[in-house]
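Notes follow once the structure below has been shown.
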Amino acid sequence: MRLTTKTALALPGTALLLLAGATGASADEFDMKLTDTMGNKSGSSSTAQLTVEGDSLSIKITGQGFTPNSPHAQHFHGSFSDAKKFTCPDSSADADGDGQVNTEEGLPAYGDIVLSLTTSGDTSPESGLAIDRMPTADAAGNLSYERTIELPAGAGAKLKNLHVVQHGLDANGNDKYDLEALGESSFAKSLGVDGIPEEATNPATCGTVTGASTGEMPQGGVDTGDGTTGGTEAVGAFGLAGAAFAAAGGALLYRRRFATDRA
Amino acid sequence: MSAVESTPRSRRLTASAAAVVVFGLIGIGATGYALSQQVGTPPNAMAPSGGAGHSGHGGAPSPTGSTTGPSSSGSPGAHAGHGGPALADTEYHTPKGPLLERSRPTKVILPTLGVNAPIIDLSLKPDRRMEVPDNGTEAGWFTSSPTPGELGPSIIAAHVTHESKPAVFFELGGMRQGDRIEVEREDGTTATFGVTEVGQYPKAHFPSDKVYGSVDRAALRLITCGGVLDGETGSHVDNIVVYAHLLS
């Protein structure tokens, strides 16, 4: 009775399973912690969740302590082709000793821009300074960002070894980017854009993948006990016990016979 | 031997006496073992010293220090926001412990239990429950989880019983903190894990986040069934989960 029911249920189930299998690729789920490893006194930190399915990336970033009401350029840095080990810079990367690790000083550690995390449109390195399409922190300095991006072929598998850098900080504490604080951005200038405050381009946070979870989370517990047992486990051991007792009995009888003979 | 004169007969008597004792002891031992192995008592997971089981929060800090630093872990707003640079986390966070490249598992070995089982692939069923092996001799790797040795929780499940017989993970609940787990992989390497915790949970209250959720190192979870047998559904009411970290 129960068997029949099971079989009846199993058939459409199998069909569904095949369909589900066809859609295929499993997703990898990663976490990132983005912090001010540079010691740039940005006061900013973020967490990011990444879902990588083949070459499709869904990324969600939540941060706090950012320059309020200001755009924050953010990118994946590193390389999709090199096997080079990238890292986040610490304060020792401050080559000119001005108390800030600027973008140029950080690049040797975290590598070039490979993906611009814009809110819309192009995500190539060319959009690295597209401030009008970068997320803006709210009045309390909170920043949130969410987007699904199609990556260059083969890039999905590389992503977990790369770094995200969020730029823009408020060095003089007046809640905005201004030239008075750190002067003009030499990085922006080198790309042909004049008059951008260095506060707007200096790295505020940096981080890489720190954790991973199971891609698709199964529902509930796992059905690893089957229902066929009537309740007796370790049947073999009971069998052994029986055999051993029988042997003991046999040995006893054998011994008795000898003892009797002798008496 | 004693002073008894060694005749063939006396030797036979002595030997038979020994046989009675030996077989008797084997019988008692095997009965004891068999009794101890009845459903409901495949070794249940005892909370190992150092707090495990349904370990709640608020206990002592985890000895493995899996949460480092002044926490920026997930919970938004945990930090003082803007204007509190003194509190800001400036640590460069990276995964803890060793990591291996991706490679599918081929065999799981539990030296303390004498288990050595081949590994098949398991995926999700249409009802989103995890598939399980259709026999009692193979273990299965959940293909949506990382491979053993990669960052994150790699999931391996196997039956506790199958067709009235003890199956691969029959004694899983008897594993203890510090026990080794070896997983052989397709690339020829062996990932060696150390058990950190053994938990037992009602299936209705399976701690999905703890088992499948994010971890900051290469981890392994072995899952099987345990607890009493539910006469209605004919299956065990609990799951046993062995948590382990990659050692090398």
Side-chain angles (χ1 to χ4, degrees), chain A residues 13 16-17 20-21 26 31 33 35-37 39 41 43-45 47 62 64-66 68 88 90 140-142 207-235 237-238 240-241 244-245 247-248 251-252 254-255 258-259, chain B residues 12-13 16-17 19-20 23-24 26-27 30-31 33-34 37-39 72 74 76 79 81-82 84-85 88-93 95 124 126 128-130 132 143-146 151-153 155 157 159-164 166 203 206 208 212-216 223-225 229 234-236 239:
Chain A
L16 276 174
L17 189 64
S26 69
D31 299 302
K33 287 178 186 167
T35 58
D36 181 10
T37 64
K41 301 184 186 66
S44 313
S45 64
T47 57
T62 308
Q64 54 271 313
F66 285 90
C88 283
D90 61 20
N142 295 317
T208 189
V209 165
T210 56
S213 57
T214 302
E216 293 175 289
M217 206 174 273
Q219 204 106 64
V222 183
D223 307 315
T224 36
D226 76 342
T228 60
T229 167
T232 306
E233 308 303 327
V235 175
F238 268 131
L240 175 63
F245 278 132
L252 198 61
Y254 179 77
R255 188 180 146 80
F258 266 100
Chain B
R12 253 177 293 175
L13 273 171
S16 63
V20 171
F23 284 129
I26 290 174
T31 305
Y33 173 77
Q37 298 304 317
Q38 292 318 291
V39 168
S72 62
H79 264 302
H82 188 62
D89 181 0
T90 57
E91 184 183 337
Y92 174 42
H93 295 271
L124 275 190
R128 297 197 62 79
R129 292 182 79 82
M130 202 198 298
V132 293
T143 55
S144 291
S145 71
L151 179 65
I155 310 293
H159 285 292
V160 64
T161 58
H162 193 262
E163 290 173 352
S164 307
K203 281 180 187 169
F206 191 78
S208 295
Y212 304 125
S214 183
V215 285
D216 61 357
I223 306 178
T224 193
C225 283
L229 199 68
S235 75
H236 298 265
N239 272 129

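Below, chains carry the letters A, B, ... as their sequence lines are ordered, and counting in each starts from 1.
To the nearest 0.5 Å, atom CG of residue B:Leu151 and atom OG of residue A:Ser213 are 9.5 Å apart. Between A:Asp223 atom CG and B:Asn239 atom CG the span is 7.5 Å, to the nearest 0.5 Å. The distance from the CE atom of A:Met217 to the CD1 atom of B:Ile155 is 9.0 Å, given to the nearest 0.5 Å.
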Checklist line | Full working for side chain to side chain contact (heavy atoms under 4.5 Å, CB included) between B:Thr90 and A:Asp36 | finding: CA-CA 5 Å; B:Thr90 57; A:Asp36 181 10; 4.3 Å; yes

Check: Between B:Val160 and A:Thr224, is a side chain to side chain contact (heavy atoms under 4.5 Å, CB included) present by the stated rule, with each step listed?
Finding: CA-CA 6 Å; B:Val160 64; A:Thr224 36; 5.8 Å; no

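Minimum heavy-atom separation, B:Tyr92 to A:Thr208: OH-CG2, 3.9 Å. When all heavy atoms of B:Pro153 and A:Ala212 are compared, the closest pair comes out as CD-O, 3.2 Å. Nearest heavy atoms, A:Val222 versus B:Tyr212: CG2-OH, 3.7 Å.
Considering only heavy-atom pairs separated by less than 4.5 Å from chain B, the leading option among A:Gly220, A:Gly207, A:Gly215, A:Gly39 is A:Gly220. Each of B:Arg129, B:Lys203, B:Met130 has some count of heavy-atom pairs under 4.5 Å with chain A, and the biggest count is that of B:Arg129.
Listed for the A:Thr214 side chain is no donor-acceptor partner under 3.5 Å among the backbone atoms of B:Ser145.
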